[in-house]
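Below is one structure, written out as structure tokens; comments come after it.
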Amino acid sequence: MKLSIIIVNYNVSCFLEQALNSVYKALKNVEGEVYVVDNNSVDGSLAMLATKFPQVHVIANKENVGFAKANNQAIRISSGEYVLLLNPDTVVEEDTFEKCIQFMDKTPDAGGLGVKMVNGKGEFLPESKRGLPSPAVSFYKLFGLSKLFPKSKRFGAYHLTYLSNDEIHSVEVLAGAFMLMRRSVLDKVGLLDEDYFMYGEDIDLSYRILKGGYKNYYFPETRIIHYKGESTKTGSLNYVHVFYKAMQIFARKHFSQKNAKLFNFLIDCAIWFRASLAALKRIIARLLMPMLDFICIYAGMFVLALYWQQNILQQRHSAFPRYYFYLIIPIYILIWLISVACCKGYRKPIRLNNVNKGIVLGTVLILLIYALLPETLRFSRAVVVLGAMWTIISINLMRYIIRKLNLKGDYFDNQSRRRIAVVGSMPETERVLNLVQMMDEKCDFAGVVLTEEVENPQNAVIGKLSQIADLIMLYRLNEVIFCSKDVPADQIIDWMSRLQSFQVEYKIAPEDSFSVIGSNSIFSSEDLYAIPVHAIVQKSSRRNKRLFDVCSALLLLILLPLDIWFVEEKGGFVRNIFAVLSGKKSWVGCQSTTGNPAAETLRPGVLFPSDAFKGREFSSDMMALADRLYTRDYKVRLDFHTMFKAFRQLGR
């Protein structure tokens, strides 16, 4: 056996499926075996493996034993000349294994090898090549000097940023996401150290390979996509704590006592430093919007009060006291802002109706307090009313500008419509297009980009893959989905890298899968929610559905002399109205109840969820998917939408 591939999985079934698809394509010309060690996943990973990849050797742990121990379980029983540790959130190119093994065969001093990694946007991941985290190197990394001076050998030693990303180099540390090693070397230096639960074990093993007299190589002549290289929140305090505690284990093992103490001191300083920055960032993030509101409202109120004083009060030989501008107006503004906060106007995502409720509430409070004050403190009710008007205008205008500028901060719901191109052959793009449109209502435009010429292209076809750059601009696309069945991984990575300037989201649709996987997101037909918010089994959803059925049936009955002419089977239409009113039928129901217990609780439907997609023919699997999505994410408007789209079929 030439190659043993080991993947440790924990609740990432969709990523794992895609990784295995790419692995088996890459094993076409390589004698290899695949082990998946599952650390007690609860997302259906084992069922997926049994159904789609029965050839995989599965080790099903009853608990999460960690990354190092899980890998060692498979290494001990595998038989390959080379052992590859591979993350489940990766996609390898079709010639990755061939190229890597050829390099290792002709490089006898190579103990381990890592490849060029890119994230889900095609951007190079710096952890593809790393140096040992000595105290000095760690200090430069922890305190940002490595980012300030990336081309310096001294300061850029952590990610070896002074070395070319496109040339083969001897490096010190390999990334655990893709770590290819000789079995003979592992027999000599030992397996992964199980003292590490997560993080650090790859550094430890890389260092022991070097101490064993071998070299580790960075090999950029093949690439992989590594999604978690982007989506892992490496800036979070929890990550910092876990990762650097792993580094302390490494220091105790491999550094002298003096250097280990220095290293641990730097680690503790870094954790406290990051914790302080994280706390400060949270405080600033929470106060930023109220502070902007205060400044904007105060500027307008100051001008209003000044204008009122110069043009109204001075004619009456009166004026505001000095403290009115610096005390009274700020008090008014604080009442408005507190009222907005009480009405959840600053809770993300920001909703303008909550903001405006708060302003109205604050104005009422100010006027009530104003009426209770003695005459000497009643300065101007008009300024309060005008100030309230300015507050509503300025706050809404500011949020409109922030939304339009698309500033970072997640202040608003992402309401942007998705404009999608699906890249592949005609049959596969049609399947993926149906999947996406069925699962995401924010799809505003969807076109097909073909990988090959066809004689009679359908209306959905907008061009060829070679024209993708022009198509993105012409159709204002913001998302491109590659069908992995038709587009090889190396071409996908090439196109993602070449199109980085367009700021387009890229996703991959695995073959024969109901999942679409991309950078930081997964669209899947699987029930990803423990308690679906709009599940049809909830009493409120069933009550709303029945109320809609009755009301719509009564309306159709009242308008029968008019609406009957728009229905194909007129006799059946009348019968269906009375069947719905009597509770024997519902306007929309599920076509199949197999594997969907929620569908069994519904009345027989006149229409089905798939009828909402007018003019499209679906396979039985896609119809079942439409039923599952309907019962999982039920809303009354789904029934209305289906009836509107398939009105002529109401006599069915």
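Numbering of residues begins at 1 and proceeds along the displayed sequence. Side chains are part of it too, since the values below use all heavy atoms of this structure and drop only hydrogens, waters and symmetry mates.
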Could you give the distance from [atom1] ([X]) to [atom2] ([Y]), rounded to the nearest 0.5 Å?
X	Y	atom1	atom2	result
Met473	Asp470	CE	CG	5.0 Å
Ile508	Phe482	CD1	CZ	8.0 Å
Lys215	Thr107	NZ	OG1	10.0 Å
Leu3	Tyr82	CG	OH	10.0 Å
Asn40	Ser45	CG	OG	10.5 Å
Met1	Glu33	CE	CD	4.5 Å

Dump the intermediate steps for salt bridge (Lys or Arg N to Asp or Glu O under 4.0 Å) on Asp38 and Lys62, then the final yes or no. CA-CA 9 Å; Asp38 185 78; Lys62 300 301 182 182; over 6 Å; no

Would you indicate whether the side-chain heavy atoms of [Y] and [X] approach each other to under 4.5 Å?
X	Y	result
Ser41	Asn9	yes
Tyr207	Glu172	no
His226	Asn87	yes
Cys100	Phe219	yes
Trp495	Val480	no
Leu84	Met181	no
Asn71	Val83	no
Val91	Gln18	yes

With respect to Tyr10, which candidate in Val42, Asn39, Asn61 satisfies the side-chain contact (heavy atoms from CB on, under 4.5 Å) definition? Asn39

Positive for side-chain contact (heavy atoms from CB on, under 4.5 Å) with Leu113, one of Ile101, Leu180, Leu174: Leu180

Are any side-chain N or O atoms of [X] and backbone N or O atoms of [Y], one a donor and one an acceptor, separated by less than 3.5 Å?
X	Y	value
Lys188	Gly212	yes
Arg130	Ile203	no
Asn216	Ser206	yes
His169	Leu163	no
Asn119	Tyr227	no
Ser484	Ala509	yes
Ser78	Gly80	no
Lys129	Leu160	yes

Measure the acute angle between the ring planes of Phe155 and Phe149, then classify it against the limits of 30° and 60° as parallel, tilted or perpendicular. tilted

Shortest non-hydrogen separation from [X] to [Y] and the atoms involved:
X	Y	result
Lys153	Ala157	O-CB, 3.6 Å
Glu98	Glu94	OE2-O, 4.2 Å
Gln500	Lys121	CG-O, 3.7 Å
Val37	Ala70	CG2-O, 3.4 Å
Met117	Ser128	N-OG, 3.0 Å
Tyr35	Ala74	CB-CB, 3.9 Å

Please walk me through it: do Val422 and Cys483 pass side-chain contact (heavy atoms from CB on, under 4.5 Å)? CA-CA 7 Å; Val422 181; Cys483 299; 3.7 Å; yes

Can a salt bridge be assigned to the pair [X] and [Y] using a cut-off of 4.0 Å between side-chain N and carboxylate O?
X	Y	result
Lys2	Glu81	yes
Glu479	Arg419	no
Arg183	Asp187	no
Lys52	Glu17	yes
Asp166	Arg223	no

Just do the side-chain contact (heavy atoms from CB on, under 4.5 Å) check on Phe97 and Val92 with the steps written out, would you? CA-CA 9 Å; Phe97 301 151; Val92 301; 4.1 Å; yes

Walk me through it: do Val34 and His57 pass the test side-chain contact (heavy atoms from CB on, under 4.5 Å)? CA-CA 6 Å; Val34 180; His57 302 284; 5.9 Å; no

Side chains of [X] and [Y], donor plus acceptor under 3.5 Å:
X	Y	result
Tyr217	Asp109	yes
Asp486	Thr451	no
Ser425	Glu452	no

The test is salt bridge (Lys or Arg N to Asp or Glu O under 4.0 Å); show your working for Arg498 and Asp494 and say whether it passes. CA-CA 6 Å; Arg498 289 162 61 181; Asp494 282 339; 5.9 Å; no

Give the intermediate values and the outcome of side-chain contact (heavy atoms from CB on, under 4.5 Å) for residues Thr222 and Asp490. CA-CA 8 Å; Thr222 187; Asp490 60 333; over 6 Å; no

